[in-house]
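Proteins get letters first, then strands, A, B, ... in listed order; numbering begins at 1 in each. Computed from heavy atoms alone, side chains included, the values below leave out hydrogens, waters and symmetry copies.
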Amino acid sequence: MIRLFNSLTQQKEPFAPRDPGKAGIYACGPTVYNLVHIGNARPYVVFAVLRSWLRRRGLDVTLVTNITDVDDKIITKANAEGRPASAVAEEFTAAYVADTDRLGIARPDVEPLATETIPEIIDLVCQLVSSGHAYPAHGSVYFRVRSFDEYGKLSKQRIDQLEEGVRVDAEPGKADPLDFAVWKAAKPGEPAWDSPWGMGRPGWHIECSAMGLRYLGAGFDVHGGGRDLIFPHHENEIAQSEAAGLPFAKVWMHNGMIRSDGEKMAKSVGNIFLLREVLDRYEPAVVLMYFLTTHYRSPLEFSTEKLDEARAAYGRLADALAELEFRIANAARAATQGEWPDLSLRAETARMAFAEQMDDDLNTAAAIGELFALVGEAHRYLAEVDRGAAPLDSGALEAVREVLLDSLDALLVPAPGADGLVTSVGSVAGAAGDVCVTGDVAMMPAVRMAEDGRWDDVSLVYADRLECGDASYACVLRDHYRETRDWTSADRLRDEIQAAGFDVRDTPQGTQVMRKS
RNA sequence: GGCGGCGUAGCCAAGUGGUAAGGCAGAGGUCUGCAAAAUCUCCAUCGGCGGUUCGACUCCGCCCGCCGCCUCCA
């Protein structure tokens, strides 16, 4: 059973989709007036993972993420730069798509533009006006906050208290300072659309209501976004939708803020790190691990140390996967082979534990912990095998690998190898033959040469091949040196292989290489 | 001031009414031609003070510290 923490009720609730077998998620997207920073990327990742997990659980999921391409900030920027607002919006929409694409996770299913939702927005405003929840003034239309009894139910605010803290608002037509614009009269030069109240544009908040209702329908399942949007943005979305007689989202999910130097990362604070800057230095897999090793509701500190830790953690997973790959491929040469049910069983319990954690309010941090626990088990088992205390059960190893790979897939974290982290793993036993290769078939020629004892030929080509990223000849040669106890040559060759960008490990099965991460 | 949240080892981070996952770092051991990797052992009583309970880190109250929102903000 999937349970999600609902900000509305402030507790975890069993997830009960409106339409059995389906799930509709609306996650607030960017206002395109600037480049996305790492804080903006968190919800993008979180809700993509939520979608992924719900799909795993057999639901037909639709994830909608808006792009707000008409807004005060866009207009302000456009005016400052002396170009049309649409030019600013287009530039940063493209940048947003390009930057988030680099994460390598699938895009939302629907990415509507506010400017393509104007008719729906006007309809909604009309309904609010005709039902008395909103009133026109000076070409704008304001939502009458006090007309909606449940105002404040999400942010747990009471209207009276909000009233006390409210700041002086210069807008003349407002009946109450708390009221907010659902439609704004256009000033000269601003983007504007015709409406019953004259030329104007949507207020902030209203586009999300209109888009959510348009693509997911009333009473849709999940609405998500950053914690900082709870008030007023989400509160107002609820008010203007439900006052119009349209039940809004059933479950509200809010991700914690990313902090930098203990403070929320925000453009206004100036402590932002752009997503593209981070991706220039860290692989997508590492950035995703960084996000997912902390629960989505917790605040997350941004620092290169944390990113480096995420890289180390991912490296441990990558190493384990490479090791499994290597052992499975070399199974035929194990001293003894046989069943080892303990490990197969452990793989299965890990799979279930992972799923339970994911079901429990998308606890990716704990779920990843289960993966590491499994990795530890596998390594311990392999040590037993090397000590001759257990037979090699390649089926069990495959089961472990499968769980690891499948879990990473659920988390949208690319498996090592998929992004070039591990390109080839191989080994050659000794001059006598008894050869095993994994990964790259390009290794085969090297292996054949080795089998034939053509060491001169291998020596001739290994350096060039190494330069091209094929370490197979060097591996074969190094095994030969080790076989003949020529440690000087073996060590020198290891240095060369490492210099070519590989990690080198000596194993009972031979030299093992992995492309350095 | 109002509302919400957080405070777990050197750092990061899960978690539970019955004596604390996992990652990083550190110390020592094993393995290894050397190395790397791995593995083993060690390293917290859960901000503070009370209360409820057979028993709390987990529930309640108060206090301290930090953060978010109340204005644009993922």
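Set against rA38(B), rC69(B), rC24(B), the side chain of D228(A) has rC69(B) as its closest nucleotide. Looking at the side chain of E263(A), the nearest of the listed nucleotides rA74(B), rG68(B), rC70(B) is rG68(B). Of the candidates rG33(B), rA74(B), rA37(B), rG33(B) carries the atom nearest the D506(A) side chain, counting heavy atoms from C-beta on. For C28(A), whose side chain is taken as the heavy atoms from C-beta onward, the closest listed nucleotide among rC70(B), rA74(B), rA36(B) is rA74(B). Among the nucleotides rA14(B), rA74(B), rC24(B), the one closest to the side chain of E309(A) is rC24(B). Here the side chain of H379(A) is nearest to one of rA38(B), rA74(B), rC67(B), namely rA38(B). You'll find that the side chain of Q157(A) is closest to rG2(B), out of rC70(B), rG23(B), rG2(B). Of the candidates rA74(B), rC70(B), rG23(B), the closest approach to any side-chain atom of L162(A) belongs to rC70(B). Counting only heavy atoms from C-beta on, Q161(A) has its side chain closest to rC3(B) among rA14(B), rG22(B), rC3(B). Closest to the R380(A) side chain, of the nucleotides rU39(B), rA14(B), rC70(B), is rU39(B).
Using a 3.5 Å distance cut-off with no hydrogens or angles, the side chains of N66(A) and T68(A) do pair a donor with an acceptor. A donor-acceptor pair shorter than 3.5 Å can be found between the side chains of Y282(A) and D308(A). Side-chain contact check for E483(A) and H480(A): no donor-acceptor pair (N or O, by modelled atom type) lies under 3.5 Å. Looking at Y314(A) and E283(A), their side chains never bring a donor and an acceptor atom within 3.5 Å of each other.
rG18(B) and rC70(B) are spaced 39 Å apart, taking the P atom of each and rounding to whole Å. Taking atom C1' in both rA25(B) and rC12(B), one finds a spacing of 11 Å when rounded to whole Å. Distance noted for atom C1' between rG47(B) and rU8(B): 10 Å (whole Å). Taking atom C1' on both rG28(B) and rA13(B), the two are 26 Å apart, rounded to the nearest angstrom. If you take atom P in rA21(B) and the same atom in rG4(B), they sit 33 Å apart, rounded to whole Å. Comparing rG51(B) with rU58(B), their C1' atoms are spaced 15 Å from each other, to the whole Å. Comparing rC57(B) with rC46(B), their P atoms are spaced 7 Å from each other, to the whole Å. Comparing the C1' positions of rC63(B) and rC72(B) gives a spacing of 35 Å, expressed to the nearest Å.
Between R327(A) and D386(A) there is a salt bridge, since at least one side-chain N of the basic residue sits less than 4.0 Å from a carboxylate O of the acidic one. Ion pair E323(A)/R505(A) flagged as a salt bridge, since at least one NZ, NE, NH1 or NH2 atom sits closer than 4.0 Å to an Asp/Glu carboxylate oxygen.
G376(A) comes within contact range of the sugar-phosphate backbone alone, with a heavy-atom separation under 4.0 Å but no base atom that close. At the heavy-atom level, H37(A) lies under 4.0 Å from base atoms of the strands shown. Across all strands shown, I258(A) has heavy atoms under 4.0 Å from base atoms, whether or not it also approaches the sugar-phosphate. The residue G39(A) sits close to a base: some heavy atom pair falls under 4.0 Å. In this structure, G262(A) reaches the sugar-phosphate backbone alone: every heavy-atom distance under 4.0 Å involves primed, P, OP1 or OP2 atoms, never a base.
For A48(A), the side-chain contact (heavy atoms from CB on, under 4.5 Å) criterion is met by I105(A), L412(A), not counting sequence neighbours. Y481(A) meets the ring pair (Phe, Tyr, Trp, His ring centres under 6.0 Å) test with no other residue; sequence neighbours excluded.
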### Dot-bracket pairing map - RNA chain B, Watson-Crick plus G-U, both contacts under 3.5 Å, | cross-strand
(((((((..(((.....[...))).(((((.......)))))....(((((..]....))))))))))))....

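Per the geometry, CG belonging to L300(A) stands 10 Å off C1' belonging to rC12(B), to the nearest Å.
Proximity of R316(A) to the phosphate of rU39(B): a side-chain N or O atom is located under 4.0 Å from OP1 or OP2. Of the side-chain N and O atoms in K267(A), one or more sit less than 4.0 angstrom from OP1 or OP2 of rA74(B). Phosphate proximity of rA14(B) to S298(A): present, with a side-chain N or O under 4.0 Å from OP1 or OP2. Between K306(A) and rG23(B), a side-chain N or O to OP1/OP2 separation shorter than 4.0 Å is absent. The phosphate of rG22(B) has neither OP1 nor OP2 within less than 4.0 Å of any side-chain N or O from Q357(A).
Put simply, the side chain of N363(A) and the base of rG15(B) share no donor and acceptor less than 3.5 Å apart. Between the side chain of R227(A) and the base of rC69(B), no donor-acceptor pair under 3.5 Å is found. At a cut-off of 3.5 angstrom, the base of rC24(B) holds no donor-acceptor pair with the side chain of D308(A). At a cut-off of 3.5 angstrom, the base of rA74(B) holds no donor-acceptor pair with the side chain of R42(A). Side chain R494(A) to base rG33(B): no donor-acceptor pair is found below 3.5 Å.
Of the two residues near RNA chain B, R259(A) and P43(A), the one whose nearest nucleotide lies more 5' is R259(A). Comparing G29(A) and E370(A) along RNA chain B, the residue whose closest nucleotide (by nearest heavy atom) sits nearer the 5' end is E370(A).
In this structure, the ring of Y33(A) has its center no less than 6.0 angstrom from the ring center of F92(A).
The side-chain ring of F372(A) is not stacked on the base of rG22(B), judged by centre separation under 5.5 angstrom and plane angle under 30 degrees.
A parallel orientation is assigned to the rings of F143(A) and F180(A), their planes being inclined by less than 30° (bins at 30° and 60°).
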